[in-house]
Amino acid sequence: MVSTLPWSVMNPNDEPRAQRPLRDVHRAVIEWYRRSCRDLPWRAPERTAWGVLVSEIMLQQTPVTRVLPVWLRWQQRWPTPGDLAGAPPADVVRAWDRLGYPRRALRLHAAAQRIRDEHAGEVPGNHAELLALPGIGAYTAAAVAVFAFGQRHTVVDTNIRRVEARLFSGRALPSRSLTAAETRCAESALPEDVAESVAWNQAVMELGALVCTARAPRCEECPVRDACAWVAAGKPPAENAPRGQSWHGTDRQVRGAIMAVLRAAEEPVARPLLLTDRAGSEQLAAGHAAPPDVVVERLTALWRLSAPVEQRERALTGLVRDGLASLEGEGVSLPR
DNA sequence: TAAACGTGGTA
DNA sequence: TTACCAAGTTT
(Lines give C-alpha, C1' and ligand atoms only; values in the text may rest on other atoms or scores of the structure.)
Protein backbone atom coordinates (compact mmCIF):
# COMPACT_ATOMS: atom_id res chain seq x y z
CA MET A 1 0.00 0.00 0.00
CA VAL A 2 3.04 2.23 0.04
CA SER A 3 3.18 4.61 -2.86
CA THR A 4 6.10 6.70 -3.99
CA LEU A 5 3.83 9.27 -5.58
CA PRO A 6 3.24 12.53 -3.80
CA TRP A 7 -0.06 12.26 -1.98
CA SER A 8 -1.55 15.06 -4.04
CA VAL A 9 -1.88 12.70 -6.97
CA MET A 10 -2.44 9.56 -4.94
CA ASN A 11 -5.59 7.57 -4.96
CA PRO A 12 -7.84 9.06 -2.28
CA ASN A 13 -8.10 5.60 -0.73
CA ASP A 14 -4.48 5.84 0.28
CA GLU A 15 -3.38 7.62 3.39
CA PRO A 16 -2.51 11.29 3.23
CA ARG A 17 1.21 11.95 2.94
CA ALA A 18 2.15 15.56 3.05
CA GLN A 19 5.36 16.80 1.56
CA ARG A 20 6.00 17.87 5.10
CA PRO A 21 5.59 15.03 7.58
CA LEU A 22 2.11 14.88 9.02
CA ARG A 23 3.47 15.66 12.46
CA ASP A 24 4.77 19.01 11.27
CA VAL A 25 1.37 19.79 9.81
CA HIS A 26 -0.24 18.93 13.14
CA ARG A 27 2.15 21.17 15.00
CA ALA A 28 1.79 24.11 12.62
CA VAL A 29 -2.01 24.07 12.62
CA ILE A 30 -2.29 23.66 16.39
CA GLU A 31 0.20 26.46 17.00
CA TRP A 32 -1.73 28.68 14.65
CA TYR A 33 -4.91 27.89 16.59
CA ARG A 34 -3.39 28.85 19.93
CA ARG A 35 -2.39 32.15 18.38
CA SER A 36 -5.48 32.94 16.34
CA CYS A 37 -8.57 31.20 17.71
CA ARG A 38 -11.68 33.20 18.52
CA ASP A 39 -12.65 33.70 22.13
CA LEU A 40 -16.00 31.90 22.17
CA PRO A 41 -17.94 31.26 25.39
CA TRP A 42 -18.55 27.59 24.66
CA ARG A 43 -14.77 27.16 24.61
CA ALA A 44 -14.19 28.89 27.96
CA PRO A 45 -12.77 26.80 30.86
CA GLU A 46 -16.04 27.19 32.79
CA ARG A 47 -18.12 25.78 29.95
CA THR A 48 -20.35 22.81 30.65
CA ALA A 49 -21.06 19.77 28.51
CA TRP A 50 -24.61 21.04 28.19
CA GLY A 51 -23.33 24.39 26.95
CA VAL A 52 -21.21 22.64 24.35
CA LEU A 53 -24.13 20.48 23.24
CA VAL A 54 -26.42 23.52 22.91
CA SER A 55 -23.78 25.38 20.92
CA GLU A 56 -23.27 22.48 18.54
CA ILE A 57 -26.98 22.20 17.80
CA MET A 58 -27.30 25.95 17.29
CA LEU A 59 -24.24 26.06 15.05
CA GLN A 60 -25.63 23.48 12.63
CA GLN A 61 -25.81 25.40 9.34
CA THR A 62 -25.75 28.67 11.27
CA PRO A 63 -22.98 31.30 11.55
CA VAL A 64 -21.25 31.91 14.89
CA THR A 65 -22.19 35.60 14.98
CA ARG A 66 -25.88 34.78 14.87
CA VAL A 67 -25.63 32.02 17.50
CA LEU A 68 -23.70 34.02 20.07
CA PRO A 69 -26.46 36.20 21.60
CA VAL A 70 -29.02 33.40 21.56
CA TRP A 71 -26.63 30.95 23.23
CA LEU A 72 -25.82 33.45 26.00
CA ARG A 73 -29.50 34.02 26.78
CA TRP A 74 -30.15 30.28 26.59
CA GLN A 75 -27.46 29.45 29.14
CA GLN A 76 -28.83 32.10 31.44
CA ARG A 77 -32.38 30.83 31.22
CA TRP A 78 -31.82 27.07 31.01
CA PRO A 79 -28.37 26.34 32.50
CA THR A 80 -28.96 22.58 32.71
CA PRO A 81 -30.75 19.95 30.61
CA GLY A 82 -33.33 19.59 33.39
CA ASP A 83 -34.17 23.29 33.19
CA LEU A 84 -34.90 23.09 29.48
CA ALA A 85 -36.74 19.79 29.82
CA GLY A 86 -39.28 21.43 32.10
CA ALA A 87 -39.99 24.37 29.80
CA PRO A 88 -43.04 24.59 27.52
CA PRO A 89 -42.15 23.93 23.86
CA ALA A 90 -43.64 27.31 22.89
CA ASP A 91 -41.12 29.09 25.11
CA VAL A 92 -38.31 27.04 23.61
CA VAL A 93 -39.30 27.89 20.04
CA ARG A 94 -39.64 31.59 20.91
CA ALA A 95 -36.23 31.63 22.57
CA TRP A 96 -34.80 30.01 19.44
CA ASP A 97 -35.78 33.28 17.82
CA ARG A 98 -34.65 33.55 14.20
CA LEU A 99 -31.77 31.10 14.25
CA GLY A 100 -33.52 29.12 11.54
CA TYR A 101 -34.47 25.46 11.26
CA PRO A 102 -36.75 25.72 14.33
CA ARG A 103 -37.19 21.95 14.42
CA ARG A 104 -33.73 22.00 15.99
CA ALA A 105 -35.23 23.76 19.00
CA LEU A 106 -37.83 21.04 19.37
CA ARG A 107 -35.23 18.30 19.02
CA LEU A 108 -32.98 19.96 21.58
CA HIS A 109 -35.93 20.12 23.94
CA ALA A 110 -36.64 16.43 23.35
CA ALA A 111 -32.97 15.62 23.87
CA ALA A 112 -33.04 17.50 27.19
CA GLN A 113 -36.00 15.43 28.34
CA ARG A 114 -34.22 12.22 27.37
CA ILE A 115 -31.12 13.36 29.24
CA ARG A 116 -33.24 14.12 32.29
CA ASP A 117 -35.15 10.83 32.14
CA GLU A 118 -32.50 8.38 30.93
CA HIS A 119 -29.18 9.90 31.94
CA ALA A 120 -29.96 11.34 35.37
CA GLY A 121 -29.83 14.85 33.99
CA GLU A 122 -26.20 14.60 32.86
CA VAL A 123 -25.11 14.92 29.24
CA PRO A 124 -23.71 11.50 28.33
CA GLY A 125 -20.04 11.41 27.38
CA ASN A 126 -20.45 8.24 25.37
CA HIS A 127 -20.46 8.69 21.60
CA ALA A 128 -23.11 6.05 20.95
CA GLU A 129 -25.41 7.46 23.62
CA LEU A 130 -25.02 10.95 22.20
CA LEU A 131 -25.78 9.68 18.72
CA ALA A 132 -29.02 8.16 20.00
CA LEU A 133 -30.35 11.55 21.12
CA PRO A 134 -32.76 13.44 18.85
CA GLY A 135 -31.14 16.04 16.61
CA ILE A 136 -27.67 14.61 17.17
CA GLY A 137 -26.02 13.00 14.18
CA ALA A 138 -22.51 11.84 13.37
CA TYR A 139 -20.92 15.27 13.48
CA THR A 140 -22.56 16.55 16.68
CA ALA A 141 -21.99 13.32 18.61
CA ALA A 142 -18.29 13.43 17.77
CA ALA A 143 -18.04 17.16 18.45
CA VAL A 144 -19.56 16.88 21.94
CA ALA A 145 -17.47 13.82 22.81
CA VAL A 146 -14.35 15.69 21.73
CA PHE A 147 -14.96 19.29 22.79
CA ALA A 148 -16.87 18.63 26.01
CA PHE A 149 -15.27 15.36 27.12
CA GLY A 150 -11.83 15.47 25.55
CA GLN A 151 -12.12 12.14 23.79
CA ARG A 152 -10.39 10.99 20.61
CA HIS A 153 -12.84 10.92 17.71
CA THR A 154 -12.65 12.00 14.10
CA VAL A 155 -14.72 15.16 13.72
CA VAL A 156 -15.84 15.89 10.18
CA ASP A 157 -17.73 19.10 9.54
CA THR A 158 -17.95 21.32 6.48
CA ASN A 159 -14.83 23.29 7.51
CA ILE A 160 -12.71 20.22 8.11
CA ARG A 161 -13.90 18.66 4.87
CA ARG A 162 -12.87 21.74 2.92
CA VAL A 163 -9.46 22.10 4.59
CA GLU A 164 -8.62 18.45 4.06
CA ALA A 165 -9.91 18.44 0.48
CA ARG A 166 -7.42 21.19 -0.28
CA LEU A 167 -4.53 20.20 1.96
CA PHE A 168 -4.57 16.46 1.28
CA SER A 169 -6.41 15.99 -2.01
CA GLY A 170 -5.59 19.15 -3.91
CA ARG A 171 -9.21 19.93 -4.69
CA ALA A 172 -10.86 23.33 -4.31
CA LEU A 173 -13.96 21.92 -2.62
CA PRO A 174 -15.12 18.56 -1.27
CA SER A 175 -17.85 16.59 -3.00
CA ARG A 176 -21.49 17.26 -2.18
CA SER A 177 -21.79 14.33 0.18
CA LEU A 178 -19.29 12.81 2.58
CA THR A 179 -17.51 9.83 1.00
CA ALA A 180 -16.02 6.81 2.71
CA ALA A 181 -12.61 7.72 1.31
CA GLU A 182 -12.89 11.16 2.84
CA THR A 183 -13.73 9.71 6.23
CA ARG A 184 -10.77 7.32 6.02
CA CYS A 185 -8.52 10.22 5.09
CA ALA A 186 -9.71 12.25 8.08
CA GLU A 187 -9.24 9.27 10.40
CA SER A 188 -5.70 8.66 9.24
CA ALA A 189 -4.86 12.34 9.65
CA LEU A 190 -5.99 12.38 13.30
CA PRO A 191 -3.09 12.49 15.78
CA GLU A 192 -2.74 9.36 17.93
CA ASP A 193 -2.25 11.30 21.14
CA VAL A 194 -5.63 12.06 22.72
CA ALA A 195 -4.96 15.64 23.78
CA GLU A 196 -3.36 16.41 20.45
CA SER A 197 -6.28 14.88 18.56
CA VAL A 198 -8.69 17.19 20.40
CA ALA A 199 -6.55 20.19 19.54
CA TRP A 200 -6.27 19.09 15.92
CA ASN A 201 -10.02 18.75 15.46
CA GLN A 202 -10.61 22.16 16.97
CA ALA A 203 -7.74 23.78 15.08
CA VAL A 204 -8.60 22.45 11.63
CA MET A 205 -12.21 23.50 12.07
CA GLU A 206 -11.14 26.99 13.05
CA LEU A 207 -8.67 27.16 10.17
CA GLY A 208 -11.50 26.39 7.79
CA ALA A 209 -13.71 29.02 9.39
CA LEU A 210 -11.14 31.84 9.44
CA VAL A 211 -8.54 31.19 6.75
CA CYS A 212 -9.36 28.28 4.45
CA THR A 213 -12.79 29.70 3.63
CA ALA A 214 -15.07 28.63 0.82
CA ARG A 215 -15.19 31.80 -1.28
CA ALA A 216 -11.89 33.62 -0.88
CA PRO A 217 -9.32 31.66 1.16
CA ARG A 218 -6.58 33.74 2.77
CA CYS A 219 -3.72 31.47 1.83
CA GLU A 220 -1.12 34.09 2.81
CA GLU A 221 -2.18 33.59 6.42
CA CYS A 222 -2.27 29.80 6.28
CA PRO A 223 0.20 27.99 8.54
CA VAL A 224 0.36 25.01 6.16
CA ARG A 225 0.30 26.70 2.76
CA ASP A 226 3.68 25.13 1.95
CA ALA A 227 2.21 21.68 2.51
CA CYS A 228 -1.07 22.34 0.69
CA ALA A 229 -1.77 20.12 -2.30
CA TRP A 230 -4.26 22.58 -3.72
CA VAL A 231 -1.73 25.43 -3.62
CA ALA A 232 0.91 23.13 -5.09
CA ALA A 233 -1.43 22.27 -7.95
CA GLY A 234 -1.97 25.95 -8.73
CA LYS A 235 -5.35 26.24 -7.02
CA PRO A 236 -7.44 24.54 -9.71
CA PRO A 237 -11.13 25.53 -9.69
CA ALA A 238 -13.84 23.35 -8.19
CA GLU A 239 -14.98 20.48 -10.37
CA ASN A 240 -18.53 20.25 -9.11
CA ALA A 241 -20.69 23.32 -9.32
CA PRO A 242 -22.48 23.99 -6.03
CA ARG A 243 -26.16 23.20 -6.05
CA GLY A 244 -28.02 26.37 -5.24
CA GLN A 245 -30.39 26.37 -2.31
CA SER A 246 -33.75 27.35 -3.69
CA TRP A 247 -35.76 29.70 -1.53
CA HIS A 248 -38.10 32.11 -3.30
CA GLY A 249 -41.50 30.57 -3.81
CA THR A 250 -40.71 27.46 -1.79
CA ASP A 251 -42.73 25.88 0.99
CA ARG A 252 -39.79 26.58 3.26
CA GLN A 253 -40.17 30.29 2.72
CA VAL A 254 -43.86 30.11 3.58
CA ARG A 255 -43.18 27.96 6.64
CA GLY A 256 -40.68 30.54 7.81
CA ALA A 257 -43.16 33.37 7.37
CA ILE A 258 -45.86 31.48 9.28
CA MET A 259 -43.43 30.66 12.08
CA ALA A 260 -42.53 34.33 12.35
CA VAL A 261 -46.22 35.16 12.85
CA LEU A 262 -46.63 32.49 15.53
CA ARG A 263 -43.47 33.51 17.40
CA ALA A 264 -44.68 37.10 17.55
CA ALA A 265 -48.15 36.17 18.80
CA GLU A 266 -48.95 35.50 22.45
CA GLU A 267 -52.50 34.47 21.60
CA PRO A 268 -53.55 31.90 18.99
CA VAL A 269 -53.68 33.41 15.50
CA ALA A 270 -56.93 33.04 13.58
CA ARG A 271 -56.26 30.32 11.03
CA PRO A 272 -57.93 32.21 8.15
CA LEU A 273 -55.45 35.05 8.63
CA LEU A 274 -52.65 32.69 7.71
CA LEU A 275 -54.46 31.41 4.65
CA THR A 276 -55.67 34.62 3.02
CA ASP A 277 -54.15 37.77 1.55
CA ARG A 278 -54.36 41.32 2.83
CA ALA A 279 -57.69 42.01 1.10
CA GLY A 280 -59.17 38.85 2.57
CA SER A 281 -57.90 39.70 6.01
CA GLU A 282 -59.52 43.13 5.91
CA GLN A 283 -62.86 41.50 5.30
CA LEU A 284 -62.22 39.16 8.22
CA ALA A 285 -61.15 42.02 10.45
CA ALA A 286 -64.63 43.50 10.71
CA GLY A 287 -65.98 42.81 14.16
CA HIS A 288 -62.75 41.29 15.46
CA ALA A 289 -60.07 42.66 17.78
CA ALA A 290 -57.04 43.88 15.84
CA PRO A 291 -53.89 41.80 16.31
CA PRO A 292 -50.89 43.49 17.95
CA ASP A 293 -48.61 45.49 15.68
CA VAL A 294 -45.80 42.92 15.72
CA VAL A 295 -48.21 40.25 14.52
CA VAL A 296 -49.58 42.53 11.80
CA GLU A 297 -46.03 43.20 10.68
CA ARG A 298 -45.32 39.48 10.36
CA LEU A 299 -48.64 38.84 8.67
CA THR A 300 -47.82 41.57 6.18
CA ALA A 301 -44.55 39.82 5.39
CA LEU A 302 -46.48 36.60 4.86
CA TRP A 303 -49.01 38.25 2.57
CA ARG A 304 -46.27 39.86 0.55
CA LEU A 305 -45.17 36.41 -0.55
CA SER A 306 -48.46 36.04 -2.45
CA ALA A 307 -48.24 32.30 -1.95
CA PRO A 308 -51.19 30.29 -3.30
CA VAL A 309 -53.68 29.18 -0.67
CA GLU A 310 -52.90 25.53 -1.26
CA GLN A 311 -49.23 26.19 -0.59
CA ARG A 312 -50.05 27.92 2.70
CA GLU A 313 -52.26 24.97 3.62
CA ARG A 314 -49.44 22.60 2.83
CA ALA A 315 -46.91 24.62 4.82
CA LEU A 316 -49.21 24.88 7.82
CA THR A 317 -50.01 21.17 7.69
CA GLY A 318 -46.29 20.46 7.64
CA LEU A 319 -45.67 22.67 10.64
CA VAL A 320 -48.41 20.91 12.60
CA ARG A 321 -47.05 17.51 11.57
CA ASP A 322 -43.58 18.53 12.74
CA GLY A 323 -44.93 19.71 16.08
CA LEU A 324 -43.97 23.34 15.43
CA ALA A 325 -47.59 24.53 15.37
CA SER A 326 -50.76 23.50 17.20
CA LEU A 327 -54.37 23.88 16.10
CA GLU A 328 -56.80 25.20 18.70
CA GLY A 329 -60.19 25.35 17.04
CA GLU A 330 -59.94 28.22 14.54
CA GLY A 331 -56.66 29.39 16.01
CA VAL A 332 -53.03 28.39 15.46
CA SER A 333 -50.28 28.74 18.03
CA LEU A 334 -46.87 27.43 18.97
CA PRO A 335 -47.06 24.01 20.67
CA ARG A 336 -48.00 24.05 24.35
C1' DT B 1 -29.06 9.13 -2.52
C1' DA B 2 -31.46 13.15 -2.48
C1' DA B 3 -34.70 16.33 -0.95
C1' DA B 4 -36.47 18.99 2.78
C1' DC B 5 -35.57 21.98 6.30
C1' DG B 6 -34.79 28.84 8.06
C1' DT B 7 -32.44 32.87 8.16
C1' DG B 8 -29.67 36.70 7.06
C1' DG B 9 -24.91 38.31 5.87
C1' DT B 10 -21.80 38.93 2.04
C1' DA B 11 -19.74 39.44 -2.62
C1' DT C 1 -29.88 42.11 -7.07
C1' DT C 2 -29.02 37.29 -7.26
C1' DA C 3 -26.74 33.48 -5.44
C1' DC C 4 -23.74 31.43 -2.39
C1' DC C 5 -22.84 30.17 2.19
C1' DA C 6 -23.01 28.92 7.35
C1' DA C 7 -19.88 23.73 13.43
C1' DG C 8 -26.04 19.02 9.79
C1' DT C 9 -29.98 15.82 10.65
C1' DT C 10 -33.78 13.32 9.20
C1' DT C 11 -36.68 10.86 6.09
Side-chain angles (χ1 to χ4, degrees), chain A residues 33 37-38 40-43 51-71 93 96-108 110-111 130-148 153-163 172-180 186 201-210 212-217 238 240-263 298 301-302 305 311 314-315 317-319 321-325:
Chain A
Y33 178 79
C37 71
R38 290 166 292 182
L40 301 173
W42 46 85
R43 290 174 179 167
V52 173
L53 195 164
V54 171
S55 79
E56 291 300 342
I57 302 284
M58 289 183 172
L59 287 163
Q60 290 168 3
Q61 301 284 284
T62 310
V64 166
T65 51
R66 195 143 17 117
V67 167
L68 218 31
V70 182
W71 185 89
V93 173
W96 194 257
D97 197 36
R98 285 177 291 179
L99 277 184
Y101 294 141
R103 44 175 48 169
R104 289 184 295 170
L106 249 30
R107 289 180 180 144
L108 179 57
L130 286 164
L131 194 55
L133 295 172
I136 296 189
Y139 162 75
T140 305
V144 173
V146 170
F147 303 140
H153 291 281
T154 304
V155 177
V156 182
D157 81 319
T158 188
N159 289 306
I160 292 177
R161 289 189 68 206
R162 187 175 54 250
V163 171
L173 294 172
S175 55
R176 281 201 188 93
S177 56
L178 183 64
T179 64
N201 280 318
Q202 186 73 88
V204 176
M205 198 180 307
E206 191 78 337
L207 187 65
L210 299 183
C212 195
T213 56
R215 299 277 191 88
N240 50 329
R243 182 195 330 241
Q245 298 175 355
S246 57
W247 174 247
H248 292 287
T250 62
D251 287 6
R252 250 202 306 187
Q253 186 184 32
V254 179
R255 282 172 62 112
I258 292 175
M259 284 301 296
V261 175
L262 299 184
R263 275 197 308 268
R298 299 301 178 190
L302 173 62
L305 299 180
Q311 187 179 33
R314 193 166 61 237
T317 300
L319 289 171
R321 181 200 58 224
D322 293 345
L324 286 162

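Just so it is clear, the model here is predicted, and its values are computed rather than measured.
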Review point. A:T62: what forms a side-chain hydrogen bond (donor to acceptor under 3.5 Å, both in side chains) with it, not counting sequence neighbours?
Key: A:R104
Practice item. Look up atom CE in A:M58 and atom CZ in A:R66, then write down how far apart they are to the nearest 0.5 Å. Key: 12.5 Å
Exercise for review: Look at all strands and tell whether A:A214 reaches a base, only sugar-phosphate, or nothing, counting heavy atoms closer than 4.0 Å.
Suggested key: sugar-phosphate
Exercise for review: Using a 4.0 Å heavy-atom cut-off across all strands, classify A:A138 as base, sugar-phosphate, or nothing.
Suggested key: sugar-phosphate
Review point. CH2 of A:W42 to CG of A:L68: how many Å apart, nearest 0.5 Å?
Key: 5.0 Å
Exercise for review: For A:R38, report the nucleic acid contact type (base, sugar-phosphate, nothing); a contact means any heavy atom under 4.0 Å.
Suggested key: base
Point to revise | Separation between the P atoms of C:dC4 and B:dA3, rounded to whole Å | key: 15 Å
Check your understanding: For A:A111, what residues pass the side-chain contact (heavy atoms from CB on, under 4.5 Å) criterion, not counting sequence neighbours?
Key -> A:L133, A:P134
Point to revise | Comparing A:R107 and A:V64 on DNA chain C - which has the more 5′ nearest nucleotide | key: A:V64
Practice item. Classify the nucleic acid contact of A:W42 as base, sugar-phosphate or nothing, counting any heavy atom under 4.0 Å across all strands shown. Key: base
Review point. What is the per-nucleotide protein-contact pattern of nucleotides 1-11 of chain B, from the 5' end, where B denotes a base atom under 4.0 Å from a protein heavy atom, S denotes such proximity for sugar-phosphate atoms only, and - denotes neither?
Key: --S-BBBB--S
Check your understanding: Which whole number of Å gives the distance between the P atom of C:dA7 and that of B:dT10?
Key -> 14 Å
Revision key, fill the gap. Assert: residue with more 5' nearest nucleotide on DNA chain C, out of A:L133 and A:E56, is A:E56
Review point. Listed by chain and number, what are the side-chain hydrogen bond (donor to acceptor under 3.5 Å, both in side chains) partners of A:R252, not counting sequence neighbours?
Key: A:Y101
Check your understanding: So which pairs with a foot in residues 131-144 of chain A pass side chain to side chain donor-acceptor pair (under 3.5 Å), sequence neighbours left out?
Key -> A:E56-A:Y139, A:Q60-A:T140
Exercise for review: Looking at every strand, decide which applies to A:L108 at a 4.0 Å heavy-atom threshold: base, sugar-phosphate, or nothing.
Suggested key: nothing
**Study point:** Distance between P atoms of B:dG6 and C:dT11 (Å, rounded)
**Key:** 14 Å
Exercise for review: Using the test side-chain contact (heavy atoms from CB on, under 4.5 Å), find all partners of A:D322 that sit at least two apart in sequence or belong to another chain.
Suggested key: A:R103, A:R255, A:L324
Check your understanding: Excluding sequence neighbours, so at least two apart, what forms side-chain contact (heavy atoms from CB on, under 4.5 Å) with A:L173?
Key -> A:R162, A:R166, A:A238
**Study point:** side-chain contact (heavy atoms from CB on, under 4.5 Å) partners for A:L178, two or more places apart
**Key:** A:V156, A:R161, A:E182, A:T183
Practice item. Extract, from 5' to 3' on DNA chain C, the first and final nucleotides lying under 4.0 angstrom from some heavy atom of chain A. Key: C:dC4 to C:dT10
